[in-house]
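In listed order, ligands and their atoms are each counted from 1. What's counted below: heavy atoms across the whole structure, side chains too, no hydrogens, waters or symmetry copies.
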Amino acid sequence: MLKVSRVNKKIQRKNVLKDINFSLNNGDILGIVGPNGAGKSTLISILATILKPTKGNVSYYINGNLYDGNIKDIIGYVPQEIAFYEELTIKDNFMLFGASISNDRSIILNRARKAAENLGLLDEFNTRASKLSGGQKRRVNIGIGLLRDPQFIFMDEPVVGVDYMARKDVENIISEMSNQGNIIVLTSHLIEFIEKICNKLLIIKNGKQEYFGDFNEEIKSKI
Ligand SMILES: Nc1ncnc2c1ncn2[C@@H]1O[C@H](COP(=O)(O)OP(=O)(O)OP(=O)(O)O)[C@@H](O)[C@H]1O
């Protein structure tokens, strides 16, 4: 379970988020929508512990118990921008970003291969990242966020620039993670993508929570 309690964020005297309050159960996939500048990326960054809330808090529960270990071990974050080394191969990027998973390189290599396979990147495993298409780079970005096999996954615009076929791979990966009981939170401007995979919806406007609840036809007309 993920519990977001009255989260506020002030940046340079601006109230970017005001009293964001919701909780998610295992297996939930939440889509955050709202106009540009609404506060979606700021909220995702807070959930992923990259930013701290000014007020309020976020609690992570595992098997019903409040998790008090190292948060980095249980969360995965996929940033909006491409964030890896273009001059390295996919394999070397995965090995580098997965280095802290284990002292055993073969374990990391297995995870790297599995991530590449899940994202349809096995044929390009030894290809330099600079040679990849925009959609393939997006998938590498997602793969890095999932290397640790995290229970909580936060993705900022995961399918920007991803073509239709690759989007299917991303959708399948997200569904599979949800089936395993993981919690996924993502932002997207593509309402059809959100509609397809998310069971929960959060609408933010001007930092304020306008709606949180099930994704249904009635609410779709209000986005
Ligand atoms: N580091 C910062 N310094 C100043 N203002 C910031 C900073 N980060 C965010 N903001 C402001 O906070 C507000 C919310 O930004 P945020 O990026 O979270 O919105 P968003 O909903 O993700 O927008 P988009 O859909 O364009 O990505 C904006 O008004 C933005 O200008």
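Taking 4.0 Å as the cut-off, G39 counts as a neighbour of ligand 1 on heavy-atom distance. In this structure, E157 does not count as a contact residue of ligand 1, since none of its heavy atoms falls inside 4.0 Å of the ligand. Within the structure, ligand 1 lacks S45 among the residues with a heavy atom less than 4.0 angstrom away.
With distances taken over non-hydrogen atoms, the option nearest atom 28 (C) of ligand 1 out of P35, G207, G37, S188 is G37. The option from L17, T187, N15, N36 that lies nearest to atom 26 (O) of ligand 1, judged by heavy atoms, is N36. Among Q80, K40, K205, the residue whose heavy atom sits closest to atom 25 (O) of ligand 1 is K40.
Each of the following atoms of ligand 1 lies closer than 4.0 Å to a heavy atom of H189: 25 (O). The ligand atoms of ligand 1 that sit less than 4.0 angstrom from a heavy atom of A38 are 19 (O), 20 (P), 21 (O).
Salt bridge D149/R111: absent, no basic N to carboxylate O contact under 4.0 Å. One finds no salt bridge joining E124 and K131 here, because no Lys/Arg side-chain nitrogen approaches an Asp/Glu carboxylate oxygen to under 4.0 Å. Salt-bridge annotation for R167 and E192: present, with a side-chain N of the basic residue lying under 4.0 Å from a carboxylate O of the acidic one. Salt-bridge check for E195 with K220: passed, with a basic side-chain N closer than 4.0 Å to an acidic carboxylate O.
At a heavy-atom distance under 4.0 Å, atoms from both the backbone and the side chain of T42 approach ligand 1. Only side-chain heavy atoms of Q12 come within less than 4.0 Å of ligand 1; its backbone N, CA, C and O stay farther off. Only side-chain heavy atoms of V16 come within less than 4.0 Å of ligand 1; its backbone N, CA, C and O stay farther off.
A distance-only check finds no donor-acceptor pair linking the side chain of K40 to the backbone of L186 [under 3.5 Å].
Between the side chains of D156 and S41, at least one donor-acceptor pair of N or O atoms lies under 3.5 Å. A side-chain N or O of D28 and one of N199 form a donor-acceptor pair less than 3.5 Å apart. No hydrogens or angles considered: a donor-acceptor pair under 3.5 Å links the side chains of N8 and D19. At a cut-off of 3.5 Å, with distance as the only test, a side-chain donor of D104 or S106 sits close to an acceptor on the other residue.
Shown here, atom 31 (O) of ligand 1 is out of close reach of the protein: none of its heavy atoms lies under 4.0 Å off. For atom 4 (C) of ligand 1, a protein heavy-atom neighbour is found at a distance under 4.0 Å.
Taking atom 29 (O) of ligand 1 as the reference point, the nearest protein heavy-atom neighbour is K14 NZ, 2.6 Å. Ranking the protein heavy atoms by distance from atom 27 (O) of ligand 1 puts S41 OG, 3.9 Å first.
Note: no N/O pair closer than 3.5 Å links G34 and ligand 1 by distance alone. Any N or O atom pair closer than 3.5 Å counts here, and I11 shares no such pair with ligand 1.
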Inset, instruction - Could you go through the salt bridge (Lys or Arg N to Asp or Glu O under 4.0 Å) check for E171 and K168 one step at a time? - result: CA-CA 5 Å; E171 285 169 7; K168 293 261 156 247; 3.6 Å; yes

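A distance below 6.0 Å separates the ring centres of Y60 and F152.
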